[in-house]
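For the single chain, residues carry numbers from 1 onward in sequence order.
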Amino acid sequence: MPTMAPSTWALCCLLGGLLLCVSSPSPSVPRLRLSYRDLLSANRSAIFLGPRGSLDLQAMYLDEYRDRLFLGGRDALYSLRLDQAWPDPREVLWPPQPRQREECIRKGRDPLTECANFVRVLQPHNRTHLLSCGTGAFQPICALITVGHRGEHMLHLELSSVENGRGRCPHEPSRPFASTFVGGELYTGLTADFLGREAMIFRSGGPRPTLRSDSDQNLLHEPQFVMAAQIPDNSDQDNDKVYFFFSETVPSPDGSPGHVTISRVGRVCVNDAGGQRVLVNKWSTFLKARLVCSVPGPGGAETHFDQLEDVFLLWPKAGKNLEVYALFSTVSAVFQGFAVCVYDMADIWEVFKGPFAHRDGPQHQWGPFGGKVPFPRPGVCPSKMTTQPGRPFGSTKDYPDEVLQFTRAHPLMFQSVRPQHGRPVLVKTHLAQQLRQIVVDRVEAGDGTYDIIFLGTDSGSVLKVLVLQEGGSTEPEEVVLEELQVFKVPTPITEMEISVKRQTLYVGSQLGVARLQLHQCETYGSACAECCLARDPYCAWDGTSCTHYRPSSSKRRFRRQDILHGNPALQCLGQSQEEEAAGPVAVTVYGTEHNSTFLECLPKSSQAAVHWFLQRPGDERPDQVKTDERVLRTEQGLLFRRLSRLDAGTYTCTTLEHGFSQTVVRLALEVIVASQLDSLFPWEPRPEVPPGRGGLAQTPTKAWYKDILQLIGFANLPRVDEYCERVWCRGSRECSAFLRSRARGKQAKGKSWAGLELGKKVKSRLQAEHNRTPREVEAT
Ligand SMILES: *[C@@H]1O[C@H](CO)[C@@H](O)[C@H](O)[C@H]1NC(C)=O
Ligand SMILES: *[C@@H]1O[C@H](CO)[C@@H](O)[C@H](O)[C@H]1NC(C)=O
Ligand SMILES: CC(=O)N[C@H]1CO[C@H](CO)[C@@H](O)[C@@H]1O
């Protein structure tokens with residue numbers, strides 16, 4: 001534990017609860033912020049922007065079997081290798097026919113942003129080929145791409161396979177769209193016409209006739225598709241279904257004028273073949289239900305998050321049910337907010353087994369359908385359950401007209417799907433950014449299993465959030481572990497894929513794609529307490545450093561980790577190193593009386609409460625620094641707007657996080673009294689010197705000294721270095737030593753180190769140049 005006067009520590013402890021509540025920043029502030037440069041220089045991330053500096057990325061397919069990442073961009077496809085450090089990118093150009101491009105422009109579309117072939121579908125076709133579709137300058141096209149067997153790295157467009165892609169890819173590059181490839185057929189949720197009005201779920205590509213939504217029925221109301229995936233209901237393959245997640249805009253359900261956005265889960269049977277007389281080549285098993293994500297408020301009022309942004313399926317280890325993580329936004333006029341809700345697949349199935357929604361007419365209220373439901377139950381897939389002796393319903397074509405008519409009239413379930421624990425696991429309001437993408441990793445840590453949520457923002461960053469759910473009734477706690485600025489410029493994240501095998505996230509934006517490591521434990525620091533306070537389930541203290549925690553490792557029981565409480569006092573007892581126990585040594589900094597000065601303190605964690613203590617010469621113990629309009633506390637440190645000679649003393653900047661106090665920096669502030677400063681420079685530049693000729697040139701030492709003084713404590717290391725190099729490095733041995741130690745990273749901890757060195761040098765330099773006695777200078 002750092003040495004602080006026992007009394008001040010007691011004060012912190014005494015005020016503990018209150019202090020933390022009042023002055024510690026909210027845990028929704030990222031504890032650690034890493035810039036684009038930080039990530040690159042630590043090899044935490046790597047970026048692929050393609051040969052032209054931007055991909056116009058529209059599709060991404062992570063192929064763990066082949067160890068490849070396939071990308072679909074504007075007029076091009078890419079393949080990157082994942083099994084080696086160098087991705088060895090391959091590119092295939094796939095522009096639209098010149099004729100199509102011209103027609104697109106003639107029809108009034110934008111030549112740059114619309115009249116190109118934006119590749120939006122990348123699906124595994126078989127062991128050697130991908131199916132790819134693009135917008136084809138508003139005439140969708142599809143083709144097979146030869147990618148080779150596992151171990152081969154090829155990328156080749158089968159020109160002979162290019163065909164019309166209508167229904168398989170939208171016309172526009174930006175319109176919400178979802179697709180999945182199941183059993184040789186492509187399922188898509190899209191608007192399939194030039195004007196973007198004909199919304200449908202479409203199946204194509206196999207030997208069976210194509211199947212689509214019945215457009216007369218108004219099954220889908222301005223849908224915005226987010227995701228499609230095959231999710232088996234049980235071990236009976238005949239029951240397999242493809243689920244679609246989307247938002248719809250529907251007339252207000254309570255009859256009031258206007259429209260509302262609502263999120264949905266919909267599904268169709270894989271073995272749906274349409275009807276025989278009714279619903280010919282149309283879905284005969286389509287059903288949908290509402291996904292609710294809301295925060296219960298006082299008096300039963302609920303805040304709803306209704307716009308679905310993204311969905312992530314967390315596939316379980318054997319024996320458990322799939323969990324659906326969904327990211328929602330709210331489009332309320334009052335505030336903008338985001339929420340993450342988790343749904344049990346079992347709860348979704350329950351809702352589809354429940355009553356159908358029914359109303360007698362458009363002006364009537366929705367209620368549960370109370371009449372007799374025909375057999376086979378509308379929406380079920382033909383299977384052993386429907387094939388009973390004397391009732392041979394082996395295909396949807398055998399279903400009685402009555403069943404198909406009912407499905408057609410009642411596609412909506414009466415009950416809504418509610419999230420686990422009836423509330424979101426994460427709510428974010430008043431964020432500077434918008435949230436666009438979600439990926440979840442279930443991490444096994446020393447004291448349990450935790451879900452880490454990665455959220456892609458619209459500003460090119462990824463938030464890594466730990467959600468703690470202790471007991472069902474209490475509100476979940478969230479800890480934003482890191483904010484990672486993946487892209488250099490703000491750009492919305494549009495794709496995110498996780499490779500648990502590689503412990504890597506692939507993050508796509510319009511610009512390109514980034515490979516981002518899920519964790520880099522050494523970033524948290526080199527002390528047990530820092531590792532523990534990080535509360536990162538991926539990381540643990542192994543006795544010497546903060547490293548990746550592997551549950552299977554043999555050293556397991558020696559690992560120190562406390563995700564739930566982040567309490568280093570318990571975890572790191574006896575783990576502190578000598579250096580830490582003593583706390584940082586005091587570094588001397590200089591300030592000039594009546595001038596402003598700045599004492600820098602940059603704690604690693606932005607969730608720690610910062611406290612400043614001052615011990616004046618002669619004081620028995622340090623006291624909290626009193627701030628007022630003259631002495632300000634800023635995020636980066638303590639700012640003295642006008643330094644007084646009474647400010648001299650030893651300043652300690654400490655952080656308090658989870659009851660654990662740490663000294664970040666200790667600075668001995670010396671105040672150079674104004675009169676002494678003037679007496680040092682009796683040769684003030686004369687006002688009659690013409691400005692053009694430069695008064696400063698005549699008294700270089702004075703100017704230089706003043707400049708340096710201004711820089712000291714101003715946390716401006718690059719400029720201090722610049723000065724040092726310029727003024728000192730003309731054959732000075734001291735300078736070379738300074739530069740060498742700088743190269744070794746000696747000053748990495750605090751910028752005030754340079755201040756100290758310069759302070760010393762300023763003094764001795766003055767001694768040498770002006771032949772002053774050491775006593776006089778020392779007096780300053
Ligand atoms: C950077 O990271 C990649 C992927 O994790 C790794 O293969 C490579 O060796 C690393 N390079 C350096 C210089 O550490
Ligand atoms: C994959 O499909 C393509 C096109 O139908 C075919 O030419 C190729 O032989 C298939 N590959 C395998 C391994 O089946
Ligand atoms: C070194 C420095 O910045 N000195 C300034 C201190 O404040 C006085 C009065 O405000 C200025 O005249 C000095 O230039």
Pairs touching residues 47-73 that satisfy ring pair (Phe, Tyr, Trp, His ring centres under 6.0 Å), sequence neighbours left out: F48-Y78
Worked check of side-chain hydrogen bond (donor to acceptor under 3.5 Å, both in side chains) between T547 and S545: CA-CA 6 Å; T547 51; S545 59; 4.9 Å; no
Interatomic spacing from CE in M227 to CZ in F312 - rounded to 0.5 Å: 9.5 Å
Non-hydrogen side-chain atoms of T146 and H129 separated by less than 4.5 Å: yes
Euclidean distance, S247 OG relative to F328 CZ, rounded to 0.5 Å: 8.0 Å
Distance SG-SG for C546, C531 less than 2.5 Å: yes
Check: D536 and L466 side chains under 4.5 Å, non-hydrogen atoms: no
Donor-acceptor contact present, side-chain R74 to main-chain L112, <3.5 Å: yes
Donor-acceptor contact below 3.5 Å, side chain D75 vs main chain A116: no
Whether over 12 other heavy atoms sit under 6.0 Å from R127 CZ: no
Stepwise side-chain hydrogen bond (donor to acceptor under 3.5 Å, both in side chains) test for T188 and R168: CA-CA 6 Å; T188 48; R168 298 198 268 171; over 6 Å; no
Minimum heavy-atom distance S132-L77, with the two atoms named: OG-CD2, 3.7 Å
Side-chain donor or acceptor of T457 paired with backbone N/O of I493 under 3.5 Å: no
Test item: Q485 side-chain N/O and S459 main-chain N/O as donor-acceptor pair under 3.5 Å: yes
pair K317-R442: side-chain heavy atoms closer than 4.5 Å: no
Test item: L484 and S45 side chains (from C-beta on) under 4.5 Å apart, heavy atoms: no
Side chain proximity check, Q433 to E483, heavy atoms < 4.5 angstrom: yes
L516 and R44: CA distance, side-chain angles, deciding distance, side chain to side chain contact (heavy atoms under 4.5 Å, CB included) verdict: CA-CA 6 Å; L516 180 71; R44 173 96 180 255; 4.0 Å; yes
Residue pair T504 / L518: nearest heavy atoms and the distance that separates them: N-CG, 3.7 Å
Heavy-atom side-chain contact between I453 and V425 under 4.5 Å: yes
Closest non-hydrogen atom pair between V440 and I498, with its separation: O-CD1, 4.4 Å
Cys pair C601, C653: SG separation below 2.5 Å: yes
Separation of Y524 OH from E530 CD (nearest 0.5 Å): 12.0 Å
Nearest non-hydrogen partners of V311 and V226, listed with the distance: N-CG1, 3.8 Å
Check: R120 side chain, A59 main-chain N or O, donor-acceptor pair, under 3.5 Å: no
Working for side chain to side chain contact (heavy atoms under 4.5 Å, CB included), residues R31 and L533: CA-CA 10 Å; R31 190 174 178 276; L533 283 170; 3.4 Å; yes
Gap between atom CZ of F138 and atom CG of D110 - 0.5 Å precision: 9.5 Å
Presence of salt bridge, D67 and R502, under 4.0 angstrom: yes
Residue pair E309, R436: steps toward the side chain to side chain contact (heavy atoms under 4.5 Å, CB included) verdict: CA-CA 6 Å; E309 297 283 338; R436 294 290 173 83; 4.1 Å; yes
D451 side chain reached by V342 side chain, heavy atoms, under 4.5 Å: no
Intermediate values then yes/no, side chain to side chain contact (heavy atoms under 4.5 Å, CB included), V507 and F454: CA-CA 10 Å; V507 185; F454 294 92; over 6 Å; no
Heavy-atom donor-acceptor pair, R90 side chain to V147 backbone, under 3.5 Å: no
Note, Q510 side chain near D56 side chain (heavy atom, < 4.5 Å): yes
side-chain hydrogen bond (donor to acceptor under 3.5 Å, both in side chains) assessment of E657 paired with Q662: CA-CA 8 Å; E657 194 174 13; Q662 237 182 331; over 6 Å; no
K501 backbone acceptor or donor facing E64 side chain under 3.5 Å: no
side-chain hydrogen bond (donor to acceptor under 3.5 Å, both in side chains) involving Q520 - partner list, sequence neighbours excluded: none
Value rounded to 0.5 Å, distance of OG in S461 from CG in L455: 9.5 Å
side-chain hydrogen bond (donor to acceptor under 3.5 Å, both in side chains) assessment of Q434 paired with S329: CA-CA 9 Å; Q434 303 192 15; S329 63; over 6 Å; no
With sequence neighbours excluded, residues passing disulfide (SG to SG under 2.5 Å) with C169: none
Aromatic ring proximity, centroids under 6.0 angstrom, F246 and F225: yes
Any donor-acceptor N/O pair, Q58 side chain to V119 backbone, under 3.5 Å: no
Atom of P476, atom of V467 and distance for their closest heavy-atom approach: CB-CG1, 4.3 Å
Rounded distance (nearest 0.5 Å) linking atom CD of E323 with atom CH2 of W315: 12.0 Å
Where L55 and G50 come nearest, the two heavy atoms and their spacing: CD2-CA, 3.5 Å
